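Owing to the predicted nature of the structure, the values given are computational and were not obtained by experimental measurement. Sequence lines set the chain letters: A, B, ... in the order given, protein chains first and strands last, and positions in each chain run from 1.
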Amino acid sequence: MNEHYVRNVVEAALLAAGRPLNVDELIALFDERDAASAEEVRAAVTALASDYETRGIELKEVAGGFRIQIRESFAPPVSRLWQERPAKYSRALLETLALVAYRQPITRGEIEQIRGVSVNPNIIKTLQERNWVRVVGHRDVPGRPELLGTTRDFLDYFGLKRLDDLPTLAQLKELDDLRVQLSLPGAEPVAPPAAPPEAADEGSPADTAAPEAQELVERDASDVAG
Amino acid sequence: MNEHYVRNVVEAALLAAGRPLNVDELIALFDERDAASAEEVRAAVTALASDYETRGIELKEVAGGFRIQIRESFAPPVSRLWQERPAKYSRALLETLALVAYRQPITRGEIEQIRGVSVNPNIIKTLQERNWVRVVGHRDVPGRPELLGTTRDFLDYFGLKRLDDLPTLAQLKELDDLRVQLSLPGAEPVAPPAAPPEAADEGSPADTAAPEAQELVERDASDVAG
Amino acid sequence: MKPDLKIVEAASAQDAVAPPAAAPSAPSQAEMPFAVVEGQPITQMPRDLYIPPQALEVFLEAFEGPLDMLLYLIRRQNLDILDIPIADITKQYMRYIELMQVLQLELAGEYLLMAATLAEIKSRMLLPRPETTGAVGEESDPRAELVRRLQEYERFKRAAEAIDRMPRLDRDTWAASAELVERKIVRVPPQVTLQEMLIAFQEVLTRSDMFAHHHVQREALSVRQRMTDVLSALAPGEFREFVRLFRPEEGRRGVTVTFVAILELLREGLIDIVQAEPYAPLHVRLGSAARDARLAAANEEIAGN
């Protein structure tokens, strides 16, 4: 048997099978005229394995036989295939973040006082996990509540050099409609690098919902049109 | 981005996905730090395709994106992996599918009109279960019958990029194009006296017919032979 | 049986009872050549087979309705679809229908409807038609509609055959796949723009009438940030030299901001400033509350380990 042919058949079968194949199963792929021996099949497997050494896949021998699988070091990028669609942060989270930024160091209780509603502990947790907010101390009152402040990552994410680049409250007050007035002194409201394009329309729920709906519509259309 | 890394990630992802992946999905595999451009991803796909040229697999572009699949010439050995033979579809199902594919959007009633028989509801059900056909709307007539169209899965399954890639539908021969003589019972089809020059060849369809008629004639011959 | 009931089979005799679907659909190269000139077959080598009555049902099942059956009758005699000898075809068609009825085969209504249509066309063909100049228009040919339907059906019959021949998944090709043994969970954090956050802030301010407080309006954010920075620079239980909190390279403004921040922290009890003796260097440490909390946290950590 032609060595390349055996290797190609073995590779195609391993990729098509969806399960591990043992040597006997691999031999059985070849009919009498093109019979391949166990040695030839094993040689093909070895050749494939070394062929894959520089690749994102590898040939592994497992209980059921040989299997082509994704190399573990390639699991992170490949796993992105199943990544969850990024959700949107709630208004409560954004308000909390803004209050921490403008009034730091600030306790949760003080945030609640200003917002007039209790702050879900998950919001603080999310902001801490994102490494935008951290505990910078404790206030000297009963319960010694945590004082929250923003981080370097927070400034980096929003493209700020320092907190001062945020508009002052007076400036904010003058900006009747941030949705229209886009350029703020010192702080360019530029979307972070990976921000989705719809961000420019942020704030209007109808607009924010649109991209998904749009995509659905497009998919529908492509389904029909082929 | 390192060219080899992009190629390896793309290959691993295409093999892991279990469905075709388009350029956008492939770009999304790379995070912001290791971002790959559309050009880089396309280059990787091209490189893989040429890499596979001597192998039992190939890289195919279908409606849903790129897919690595078994080369058709390797179907004989690879099909030995499975005991049962691949599903065969009835003529009724295939004719119904053809009508939906070429005439979409189309109602069941319209399919029945062309086929001259009622359509077994199970056929539509099977086509929908396979996700080859779906309801794309309703015709604005009494009863508001469902309009059927094909899906992207249909294209993917048959290895098509778009509906246009379906084989061209044979042209209808116009009755009066061929100047058919009315034949009364017993009468031979003879060209009428006033017939234009080409009518002299009447009776030999191959000579009179336009190219598409020629094709039909050839098909007829094989049909009769079968 | 009459010769009309013979059906031309490409298959061998023992296949006669097999579904004759093979006859209309599966072309066989071996049987290929016979052509027709002026309706006359030149080479005709097929074996004629009678259909045994028990096979007739199978025969009927092989057709996708009357159009398909009619097409078969036309094709097997190599007749021009555009010039069907309607009388002959009708006769043949009716024989099949009659036989099926004699055998009490369940016959779909469409077959009977077609029989009626054929009879109607036949009778109209007998009627004299007015001569037109030259060619006869399509409209005046009673067969026109039937021919159109036959052709239309045949197009899709062929399209179905073409689709069936197209390489498809799980028959001619298979998707190549490799196992991803351990899938990593990738969560993409939501994206936020500064503007989004500012809008949220503006709204919360409007609600809480914070705008009304003058001191808030005047407050420089740099002081707030510096308060955070100073707090985080202080380790629990540790004194830090007061002057070390300042960075002269920041200039007068930076030093002022730090100073205001320290005063504000002091006012809120978040830091203590101590001096061992007059004129000795000032030292700063976390306020008692903050310090205790941090120590407690540190102890917990140690205990936890």
Asks: What residues of residues 69-79 of chain A sit under 4.5 Å from chain B when you count only heavy atoms?
Replies: A:I70, A:F74, A:P77, A:V78
Asks: For atom CZ of A:R42, decide whether the heavy atoms of other residues, nucleotides or ligands shown that lie under 6.0 angstrom number more than 12.
Replies: no
Asks: For B:L29 and A:R80, which heavy atoms make the closest approach, and how far apart are they?
Replies: O-CD, 2.8 Å
Asks: Should A:E11 and B:I57 count as side-chain neighbours, where that means a heavy-atom distance under 4.5 Å?
Replies: yes
Asks: Give the minimum heavy-atom separation between B:G56 and A:A12, together with the two atoms involved.
Replies: O-CB, 3.8 Å
Asks: Working to the nearest 0.5 angstrom, can you tell me the gap between A:D51 CG and B:R55 CZ?
Replies: 6.0 Å
Asks: Do any of residues 15-23 of chain B have a heavy atom less than 4.5 Å from a heavy atom of chain A, and if so, which, in residue order?
Replies: B:L15, B:A16, B:A17, B:R19, B:L21
